[in-house]
Amino acid sequence: MHISAKADYAARALVELASHPEHPLTCEAMASSQGIPFRFLKSVVGELRRAGLVRSQRGCEGGYWLGRPAEEISLLDVVRAVDGEVLTVRGDAPGRLAYPGPAAGLPALWRTLEERARDLLGEVSLASLAREAPTTTRAGAAGPLLAEGSTA
């Protein structure tokens with residue numbers, strides 16, 4: 001499995017915004033806080049803006065805000081905004097695959113894997129990630145948090 005740099009950076013920037021809802025953040029501030037290359041983040045934020053996940057404010061008090069409440073933005077929304085498909089096999093969506101002979105069952109496995117990844121990503125909101133953010137960063141921190149009542 002591979003999580004693209006775009007999806008990782010987009011998620012990190014959006015969680016940063018969700019953690020600071022009281023004022024807009026600049027790309028420079030998000031890049032510095034998260035250790036993300038500024039030029040790459042600027043491009044990613046443009047994609048997030050086009051997808052409606054962030055909105056911008058110009059001027060000396062300007063920056064970026066979440067485009068809708070953090071509770072309403074899932075990691076699935078983020079991945080789809082910057083990568084399109086959740087999972088691909090050599091660039092193709094699992095639903096378009098067909099293999100001959102003994103490998104004929106693999107596309108069904110890839111589709112199941114995609115469905116489960118989509119379900120998990122859809123259960124994790126930016127709000128839950130921002131709410132549960134540790135006060136200090138440490139290696140090996142806890143994994144993604146599921147919405148209340150979720151099991152995975």
Side-chain angles (χ1 to χ4, degrees), residues 1-96 109-152:
M1 298 279 313
H2 175 79
I3 305 297
S4 73
K6 278 173 45 171
D8 180 49
Y9 292 168
R12 291 164 57 187
L14 289 172
V15 170
E16 192 74 28
L17 288 174
S19 297
H20 298 90
E22 65 281 354
H23 57 81
L25 296 179
T26 64
C27 271
E28 292 90 348
M30 289 183 284
S32 175
S33 176
Q34 289 296 315
I36 298 172
F38 169 74
R39 293 177 69 101
F40 193 12
L41 181 60
K42 190 80 170 158
S43 169
V44 169
V45 168
E47 291 184 45
L48 295 172
R49 190 177 51 75
R50 285 186 290 282
L53 297 182
V54 299
R55 60 186 172 88
S56 60
Q57 175 180 322
R58 291 187 171 189
C60 61
E61 298 288 323
Y64 293 92
W65 303 82
L66 290 177
R68 38 187 223 255
E71 297 80 17
E72 296 177 15
I73 301 173
S74 71
L75 285 183
L76 180 60
D77 297 326
V78 177
V79 170
R80 284 185 169 157
V82 297
D83 287 343
E85 300 287 341
V86 173
L87 183 138
T88 62
V89 179
R90 295 174 288 106
D92 287 326
R96 292 186 222 136
L109 176 67
W110 301 147
R111 284 190 294 277
T112 300
L113 179 60
E114 178 192 33
E115 288 170 17
R116 289 187 182 168
R118 212 175 37 234
D119 290 346
L120 176 62
L121 293 171
E123 292 174 1
V124 181
S125 72
L126 295 180
S128 68
L129 291 168
R131 193 171 40 248
E132 299 298 325
T135 54
T136 59
T137 304
R138 60 183 166 81
L145 303 167
L146 298 178
E148 290 182 27
S150 297
T151 58

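Just so it is clear, the model here is predicted, and its values are computed rather than measured.
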- Item | Flag, side chain of Ser32 to backbone of Glu28, donor-acceptor distance under 3.5 Å | no
Closest non-hydrogen atom pair, [X] against [Y]:
X: Arg111; Y: Pro94; result: NH1-O, 3.4 Å
X: Val79; Y: Ala7; result: CG2-CB, 4.2 Å
X: Asp77; Y: Arg68; result: OD2-NH2, 2.9 Å
X: Trp65; Y: Pro21; result: CZ3-O, 3.2 Å
X: Val45; Y: Cys27; result: CG2-SG, 3.8 Å
X: Ala10; Y: Val44; result: CB-CG1, 3.6 Å

Rounded to the nearest 0.5 Å, how far apart are [atom1] of [X] and [atom2] of [Y]?
X: Leu113; Y: Arg118; atom1: CG; atom2: CZ; value: 10.5 Å
X: Leu75; Y: Glu123; atom1: CG; atom2: CD; value: 11.0 Å
X: Leu41; Y: Tyr64; atom1: CG; atom2: OH; value: 8.5 Å
X: Lys42; Y: Thr26; atom1: NZ; atom2: OG1; value: 8.5 Å
X: Arg12; Y: Gln34; atom1: CZ; atom2: CD; value: 5.0 Å
X: Leu87; Y: Ile3; atom1: CG; atom2: CD1; value: 9.0 Å

- Message: Quick check: do Ile36 and Met30 have side-chain heavy atoms less than 4.5 Å from each other?
- Response: no
